[in-house]
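First the proteins, then the strands, lettered A, B, ... as listed; each starts at 1. All heavy atoms count here, side chains included; hydrogens, waters and symmetry mates do not.
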Protein chains: 2
Amino acid sequence: MPTLEDVSKRAGVSTATASKVLSNTPYFTDETRQKVMQAVKELGYIPNLAARALSTGKTHIIAVVFPYVYEAIFTDPNVMHILAGIETECTSRGYNILLSTPNLSANEVDHHYLQLIQSGYLDGILAIDAYPEASALEPAQAKGIPSVAIGYGTTDHYVRHNDRAGGRAIGEHLLALGHTQIGIIDVPEVMNYGVQERLIGLRTACVEANIDFEALPIRHGDWSTASGAKCAAELLTTHPDLTALLCMNDRMAMGAIQQTREMGRDIPGDLSITGYDDIPTAAFLVPPLTTVSQRAPEQGQVAARMLFDILDGGKPDPVELPPQLMVRQSSGPATWPLNTM
Amino acid sequence: MPTLEDVSKRAGVSTATASKVLSNTPYFTDETRQKVMQAVKELGYIPNLAARALSTGKTHIIAVVFPYVYEAIFTDPNVMHILAGIETECTSRGYNILLSTPNLSANEVDHHYLQLIQSGYLDGILAIDAYPEASALEPAQAKGIPSVAIGYGTTDHYVRHNDRAGGRAIGEHLLALGHTQIGIIDVPEVMNYGVQERLIGLRTACVEANIDFEALPIRHGDWSTASGAKCAAELLTTHPDLTALLCMNDRMAMGAIQQTREMGRDIPGDLSITGYDDIPTAAFLVPPLTTVSQRAPEQGQVAARMLFDILDGGKPDPVELPPQLMVRQSSGPATWPLNTM
DNA sequence: ATTTTATAGTTAAGCGGTTAACTATATACT
DNA sequence: AGTATATAGTTAACCGCTTAACTATAAAAT
């Protein structure tokens with residue numbers, strides 16, 4: 001691997017000149033520039049990033065951190081879409097992405113992760129923080145490393161989906177269609193902070209429509225399709241008068257759809273079903289699923305931009321992305337009195 | 001940020017001693033070790049990785065490369081599972097993962113990617129190579145950077161799913177159930193090399209069972225659920241005598257299942273449907289989908305181990321992971337003569 | 001008593017860039 | 001003519017860590 005010294009020797013200049021020419025510093029004759037460039041080309045010179053990093057203190061690496069708070073995070077469509085958004089932005093800026101998956105679930109903090117953060121290897125950090133309590137960014141902030149949280153972190157800088165508005169939007173949608181008997185399929189409180197926010201938004205929508213939110217039947221799944229089917233079965237059996245099922249993610253909604261059809265009820269004729277997330281499959285289900293998009297790729301992009309802004313010395317304000325209601329065919333007007341079996 | 005020099009001063013030793021103590025070099029008194037460790041702890045010293053990298057030539061970073069050969073690669077469950085497998089192995093060895101998504105689709109090679117490869121920032125490369133023609137590893141190999149391909153690359157070192165055996169296995173499964181009229185839903189040749197291999201395996205199974213493979217009706221989808229439904233509709237309309245649909249991925253199989261039910265036919269009573277990949281949802285579909293697992297996490301893990309073996313000076317042999325047939329309820333005995341609508 | 005060997009530590013030379021500080025010349029300004 | 005300024009390039013220190021080569025002492029071997 002040729003070094004800057006090789007280049008400078010071949011070009012007949014000092015390493016300082018070679019270095020400066022390569023970084024487009026002014027005050028060099030075209031001739032000198034040509035000589036250096038020529039040498040670079042002939043030798044196939046590529047700067048050594050470790051040396052540059054040591055010298056400048058900048059690595060052009062940013063870490064994307066997603067804590068192992070739950071299994072299968074690598075296949076969570078939301079998380080991966082966020083990652084895709086980050087990737088787009090970073091690549092276009094010439095930054096590299098380093099993946100880190102610290103184990104925050106244990107009592108002790110992940111040692112390897114702490115080392116990495118303080119190693120000077122990272123120009124900045126983007127963390128997917130699901131809860132304020134288990135923030136991956138606290139140690140980073142303590143060390144003054146520029147960082148942006150995606151979700152419910154405790155940093156000054158964050159971008160998140162407005163779950164409260166999302167819950168309210170989907171609620172208002174169903175209420176506007178005349179639904180008053182709505183069954184809810186969510187997940188246990190500990191599994192997601194955003195879901196709690198959505199429930200608050202949903203309650204607001206109910207209050208404004210004079211519906212008793214507390215009276216709505218609710219079941220806790222675990223995000224999986226299977227649990228959605230199970231919860232739907234329970235809800236429809238114990239509350240045959242329900243005209244809608246509101247699910248906190250699309251996969252559980254898929255399960256609910258299957259289960260509902262299994263029980264011989266038409267969607268949306270007899271029952272409306274809504275999801276959350278707008279996963280790619282949602283639009284292709286039969287019937288296509290009414291859901292809420294969290295605009296995950298945008299979250300990633302916005303977070304990355306925010307981080308670059310900080311690196312440039314800016315002080316960007318937090319961003320709350322409004323939800324995007326995707327009305328499709330799985331929700332329709334409430335039919336009342338219900339045409340039960 | 002405290003440096004080694006700070007540590008050595010505080011401990012009253014030379015930086016060499018401090019450095020060696022930290023790397024467990026022999027020939028030091030316990031007293032000296034204690035002094036150094038004490039200083040490290042008091043100062044909260046963390047080695048600067050850029051400096052270490054410059055000095056040792058090792059960064060402990062390996063790049064995971066997935067070319068942008070098709071859209072939505074970040075949500076391809078197989079790719080993400082491979083990534084998860086890699087992550088597990090790398091984390092346990094104290095290596096960091098740098099994500100790279102070069103654009104190989106254009107005529108020119110990705111410049112940023114080439115720079116990265118030759119920058120000395122990478123100890124090794126793991127690439128997901130879908131085709132021998134568009135290998136992300138060629139430039140890396142040219143520079144002598146340790147690299148392992150996952151899929152159909154051109155490197156000495158690779159790990160791949162045995163698609164041929166997989167195609168054969170799923171074929172033999174259907175044939176053993178008595179199916180002879182099998183409709184195939186695959187994707188255009190250019191979209192995936194592995195699929196071509198599966199078809200070869202399938203043909204072998206047919207030949208051995210005295211079935212004319214060439215006569216089997218086939219439709220090309222695009223991996224999506226919607227395309228699966230469309231192809232299924234076409235096949236079942238033009239060939240009402242089909243008793244099975246063999247799909248080249250699970251998502252198309254999902255579409256096929258929906259479409260088939262829409263058309264009033266029972267699965268597996270009237271028609272067997274199989275997928276490929278064994279995505280997480282596959283087991284929870286109604287009916288649960290018979291499919292083939294590519295064992296993606298294992299591919300990732302094996303590839304990572306292989307790379308570490310190379311880094312340790314080894315010369316590991318390529319690995320072909322045998323397919324894992326997941327027989328579930330979407331496939332059953334062929335019923336003949338067919339009970340058509 | 002002298003040479004080996006093992007133990008315990010230090011000095012200083014890299015690794016490959018960047019950049020502040022400096023030198024040197026040509027041009028422009030009083 | 002003398003000073004300021006713009007232009008063009010060099011020297012050498014520095015970033016923080018590793019490690020080969022060296023010094024120095026004590027214990028073991030000859």
request  = Would you sort out whether A:Asp129 and A:Tyr158 count as a side-chain hydrogen bond (donor to acceptor under 3.5 Å, both in side chains), showing the intermediate values?
outcome  = CA-CA 10 Å; A:Asp129 268 356; A:Tyr158 63 83; over 6 Å; no
Side chain [X], main chain [Y], donor-acceptor under 3.5 Å:
X        : Y        : answer
B:Gln299 : B:Gln294 : yes
B:His112 : A:Thr91  : no
A:Tyr113 : A:Ala136 : yes
B:Thr59  : B:Tyr121 : yes
B:Ser19  : B:Thr15  : no

Give the rounded distance in Å between these two atoms: [atom1] of [X] and [atom2] of [N].
X       : N      : atom1 : atom2 : answer
B:Leu49 : D:dT18 : CG    : P     : 10 Å
B:Asp6  : D:dG16 : CG    : P     : 9 Å
A:Lys58 : D:dG16 : NZ    : C1'   : 16 Å
A:Leu54 : D:dT18 : CG    : C1'   : 12 Å

task = Mind telling me whether A:Phe66 and A:Phe74 have parallel, tilted or perpendicular rings, with 30° and 60° as the class edges?
result = perpendicular
inquiry  = For D:dG16 and A:Tyr121 - does any side-chain N or O of the residue sit under 4.0 Å from the phosphate oxygens OP1/OP2?
reply    = no
message = It should be established whether B:Arg52 places a side-chain nitrogen or oxygen under 4.0 Å from OP1 or OP2 of nucleotide D:dG16.
response = no
message = Distance check, rounded to the nearest 0.5 Å: B:Ile61 atom CD1 versus B:Asp123 atom CG?
response = 8.0 Å
query = How would you label the contact of A:Ser14 with the nucleic acid (heavy atoms, under 4.0 Å): base, sugar-phosphate, or nothing?
reply = base
query = If we ignore angles and hydrogens, is there a donor and acceptor under 3.5 Å between the side chains of A:Gln115 and A:Ser119?
reply = no
inquiry  = Under the side-chain contact (heavy atoms from CB on, under 4.5 Å) test against A:Val148, which residue among A:Leu307, A:Ile62, A:Val319, A:Thr155 passes?
reply    = A:Leu307
ask   = If each of B:Gly12 and B:Ala51 is mapped to the nucleotide of DNA chain C with the nearest heavy atom, which maps nearer the 5' terminus, i.e. the 5' end?
value = B:Gly12
ask   = Would you say the side chain of B:Ser100 lies within less than 4.5 Å of the side chain of A:Asn96, judging by non-hydrogen atoms?
value = no
remark   = Rounding to the nearest 10°, end axes of the helix from C:dA1-D:dT30 to C:dT30-D:dA1 built from five pairs each make an angle of 50°
ask   = Which ones in residues 15-27 of chain B lie close to DNA chain C, meaning a heavy atom under 4.0 Å from one of its atoms?
value = B:Ala16, B:Thr17, B:Lys20, B:Tyr27
message = Heavy-atom nearest nucleotide on DNA chain D for B:Thr3 versus A:Lys35: which residue maps closer to 5'?
response = A:Lys35
ask   = From the 5' end of DNA chain C to its 3' end, which nucleotides mark the outer limits of contact with chain B, defined by a 4.0 Å heavy-atom distance cut-off (strictly under)?
value = C:dT7 to C:dG16
